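Data block below; observations after.
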Protein chains: 2
Amino acid sequence: MANIHEVAKQAGVSSATVSRVLNNTSSVTERTRQKVDQAIKELNYEPSMLGRNLRNSESRLLLVLIPNFSNPYYTEIINGIEDFSVERGYNILLCETDSNPTRENTFFNMVKNKLADGIISMDPTINMAKLQELAKKHSIVLCSEYDELERIPYVAIDNEVAAYKVMKHLIRLGHENIALINSDEKFLYARQRRKGYERALEEFDLPLRQEYIYNTNNLDFQDGAQAMRKLLQLDETPTAAFAVSDTLAIGALKELNVKGMNVPGEFALVGFDNISFSNMTNPTLTTVAQPMYQMGIAAANMLIDQLQGKPVDSVMLDHELIIRESTLN
Amino acid sequence: MANIHEVAKQAGVSSATVSRVLNNTSSVTERTRQKVDQAIKELNYEPSMLGRNLRNSESRLLLVLIPNFSNPYYTEIINGIEDFSVERGYNILLCETDSNPTRENTFFNMVKNKLADGIISMDPTINMAKLQELAKKHSIVLCSEYDELERIPYVAIDNEVAAYKVMKHLIRLGHENIALINSDEKFLYARQRRKGYERALEEFDLPLRQEYIYNTNNLDFQDGAQAMRKLLQLDETPTAAFAVSDTLAIGALKELNVKGMNVPGEFALVGFDNISFSNMTNPTLTTVAQPMYQMGIAAANMLIDQLQGKPVDSVMLDHELIIRESTLN
DNA sequence: TATTTGTATGAAATCGTTTACAATTAAATG
DNA sequence: CATTTAATTGTAAACGATTTCATACAAATA
């Protein structure tokens with residue numbers, strides 16, 4: 001593969017001029033531009049990003065950290081990030097951390113190594129301390145999960161309000177015994193959604209019953225099924241449940257199906273995230289839609305602005321309650 | 001961030017020696033090694049991949065091309081690719097082509113540009129001519145979709161046999177009117193699965209009825225629902241269907257649910273791919289499992305071998321029919 | 001001790017760009 | 001036409017690593 005000097009020689013100019021044509025950075029005569037273009041075609045030259053990146057000391061590569069690829073929750077956000085980044089001349093590298101500190105370290109090193117310019121983290125299990133440290137010298141943005149105390153900019157939704165709205169919807173339908181299928185409360189969003197759950201109970205004068213709150217270890221279908229199994233074993237079984245993710249809700253729904261319970265007739269169910277499957281279940285699932293694509297756009301925008309030295313502020317985006325068959329009666 | 005020369009100065013040696021310590025490529029006294037390690041720690045130096053890559057003219061980055069992130073079909077394959085690559089010191093860049101030629105070109109250029117070392121393509125819509133051209137000078141592997149005529153190495157399963165097995169299963173259950181919900185037959189796998197469908201009909205002396213074959217435009221849920229809607233409008237409706245992807249099957253199942261039909265009592269249904277959601281539907285879905293993770297491993301292995309100049313051969317992996325409720329009676 | 005062999009280190013070239021600075025040429029002004 | 005100003009182009013030094021080749025020194029041999 002030809003390099004810039006060979007192109008220069010072929011065109012009878014200096015490599016500097018070729019570079020100028022390539023980046024049209026300063027004025028070049030139409031005539032020389034043509035000679036250079038000609039030479040580029042003849043040698044079918046492609047500039048080496050390695051050389052360019054080294055010289056400019058930037059890679060135009062952004063890291064997107066997610067706990068695992070299989071979670072459909074992230075796909076639309078990623079699309080947003082991808083579209084915006086490509087638009088601005090950046091590529092994204094999707095990184096699966098598997099909640100594995102070694103993996104995590106690999107990615108942190110990539111930005112220290114200059115192999116990547118910055119990070120958008122959507123991994124709630126990430127090592128915040130290390131990330132804070134990294135953020136001192138590099139550009140980082142948090143998406144959907146964030147750190148209340150610190151100053152890494154983030155984009156997220158108001159989880160508490162969303163959970164509150166879900167509860168209000170269920171309460172209006174006449175439910176008084178409403179379970180919460182929550183994930184591990186080491187996650188901020190889990191704590192926030194629980195807060196919304198509790199606030200709604202309080203405001204509508206319903207008792208807060210600890211046995212109605214089930215915390216899962218993961219967000220897999222089985223965890224949701226397991227949770228529902230436990231809830232249905234209680235003396236006074238709930239008549240509705242709010243699961244903090246659609247995957248959990250779908251697992252719970254599966255269990256209700258297995259038990260032959262009518263949804264929403266005997267049991268109402270709400271999920272969270274509006275993943276595409278949530279509209280394919282039987283019955284279809286009431287859920288909370290986050291503006292995924294917009295969140296992706298916003299996160300990418302913030303990161304690139306940060307890279308270019310502009311000041312950035314965290315943003316809070318709107319959400320929407322999508323009412324479907326699982327709560328309609 | 002310190003560079004190798006500063007480390008050298010700090011340690012009182014030359015940059016060559018530091019490089020030798022870093023890569024322990026040739027003998028270095030224990031004493032100087034310690035001095036260098038010391039200096040590296042003091043300056044907390046991280047070698048720049050940009051410099052290294054430029055010098056070595058390799059990026060240790062592999063491109064993985066998929067049509068879109070949201071298709072759950074690819075996740076396990078990607079996990080396989082990722083695990084194997086990381087093991088061998090490569091990182092992967094997940095590239096969504098969106099079946100968009102411009103996007104595609106961007107990725108092709110990345111390997112021409114030396115920004116990436118090779119490509120694993122899982123995109124059935126890819127421009128084969130261009131890919132062949134690229135393959136002359138660069139390392140490329142196809143996964144799951146391949147080109148019968150050409151010599152780009154691939155890893156895949158025997159789609160025809162798989163489809164044949166599905167049909168045999170349905171025929172044994174007593175079905176005689178079996179529909180095929182196929183995707184666009186510009187895809188090789190679609191043509192192969194149709195072949196298996198037809199061969200089974202022939203061998204069991206069942207008529208081949210064109211109106212039982214429905215071709216969808218995409219693989220979304222709606223396409224499956226749409227297909228089932230059409231099939232149920234036929235004069236003599238089929239009693240079973242084989243959908244060439246789980247997403248199509250799930251859409252079809254949704255439509256059957258809507259129509260109030262009992263599955264498998266009134267209608268038996270088989271999918272393909274064994275995506276995780278296929279075990280959460282009601283009823284759970286009979287499907288064909290491909291050894292996704294293994295395919296990923298194999299593809300990455302082939303690509304890296306190729307990069308290192310070893311000869312590689314295409315491989316055909318086994319599949320498995322997973323019988324669940326949607327065909328059990 | 002003189003000579004050979006082997007090991008440990010350093011100097012400098014290299015990978016392919018971009019860019020500050022200098023130098024050349026062309027255009028504009030009086 | 002001489003002089004100033006502006007527009008093009010070239011030279012050479014970075015960016016940060018690796019590696020060839022040469023050199024210094026220590027150990028082994030005669």
Side-chain angles (χ1 to χ4, degrees), chain A residues 1-40 43-61 89 109-117 137, chain B residues 1-40 43-61 89 109-117 137:
Chain A
M1 185 67 72
N3 66 18
I4 199 172
H5 290 107
E6 303 180 45
V7 172
K9 203 160 94 185
Q10 173 93 353
V13 299
S14 77
S15 58
T17 301
V18 176
S19 173
R20 283 189 267 258
V21 170
L22 251 32
N23 307 292
N24 62 333
T25 170
S26 84
S27 48
V28 175
T29 310
E30 185 53 31
R31 216 179 97 62
T32 54
R33 175 187 307 282
Q34 282 178 358
K35 282 192 298 181
V36 170
D37 284 339
Q38 172 82 15
I40 288 177
L43 302 176
N44 65 68
Y45 162 77
E46 300 274 353
S48 156
M49 288 301 163
L50 290 182
R52 176 174 294 173
N53 290 347
L54 175 60
R55 172 61 214 230
N56 296 343
S57 79
E58 65 165 8
S59 61
R60 302 216 138 229
L61 197 63
N109 279 337
M110 285 183 73
V111 355
K112 289 189 196 160
N113 283 337
K114 304 278 199 170
L115 249 194
D117 291 348
K137 301 200 163 199
Chain B
M1 184 67 69
N3 66 17
I4 198 171
H5 290 106
E6 304 180 46
V7 173
K9 204 160 92 184
Q10 174 94 352
V13 299
S14 77
S15 58
T17 300
V18 177
S19 173
R20 283 189 267 259
V21 170
L22 249 34
N23 307 289
N24 61 334
T25 171
S26 84
S27 49
V28 175
T29 311
E30 186 52 33
R31 216 178 96 63
T32 52
R33 173 185 308 282
Q34 283 179 359
K35 282 193 300 184
V36 170
D37 283 339
Q38 173 81 15
I40 289 177
L43 303 176
N44 66 69
Y45 162 75
E46 300 273 353
S48 156
M49 288 301 164
L50 291 182
R52 177 174 293 173
N53 290 347
L54 175 59
R55 173 61 214 232
N56 296 342
S57 79
E58 64 166 9
S59 63
R60 302 215 137 230
L61 198 62
N109 279 336
M110 285 183 72
V111 355
K112 289 189 194 160
N113 283 337
K114 305 278 198 171
L115 247 195
D117 292 347
K137 301 198 162 201

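Order of the sequence lines sets the chain letters (A, B, ...), proteins ahead of strands, with each chain counted from 1. Since we're looking at a predicted model, the values are computed, not measured.
R55(B) contributes a side-chain N or O that forms a donor-acceptor pair with the base of dT14(C) under 3.5 Å.
Counting non-hydrogen atoms under 4.0 angstrom, L50(B) reaches nothing in the nucleic acid. Residue-level contact check: E46(A) touches the backbone only, with heavy atoms under 4.0 Å from sugar-phosphate atoms and none from bases. Within the nucleic acid shown, S57(B) has no heavy atom closer than 4.0 Å to any nucleic acid atom.
Checking the phosphate oxygens (OP1, OP2) of dG16(D), no side-chain nitrogen or oxygen of S48(B) falls inside 4.0 Å. Here R52(B) reaches the OP1 or OP2 of dT18(D): one of its side-chain N or O atoms lies under 4.0 Å away. Between N23(B) and dT18(D) there is a side-chain N or O to OP1 or OP2 distance below 4.0 Å.
R60(A) pairs by the side-chain hydrogen bond (donor to acceptor under 3.5 Å, both in side chains) definition with E58(A), not counting sequence neighbours.
Closest contact between the side chain of L54(A) and the listed nucleotides dA17(D), dT18(D), dG16(C) involves dG16(C).
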**Sequence-aligned protein contact record of nucleotides 5-11 of chain C, with B where the base is within under 4.0 Å of a protein heavy atom and S where only the sugar-phosphate is** = ---SBBB
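Residues T32(A) and V28(A) share a closest heavy-atom pair of OG1-CG1, 3.0 Å. Residues S57(B) and L50(A) share a closest heavy-atom pair of CA-CD1, 4.3 Å.
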Listing, residues 3-16 of chain A side-chain donor-acceptor contacts under 3.5 Å, not counting sequence neighbours, or none:
residue, atom, partner, partner atom, Å
N3(A), OD1, H5(A), N, 3.1
N3(A), OD1, E6(A), N, 3.0
Q10(A), NE2, E42(A), OE1, 2.2
S14(A), OG, A16(A), N, 3.3
S14(A), OG, T17(A), N, 3.4
S14(A), OG, T17(A), OG1, 3.4

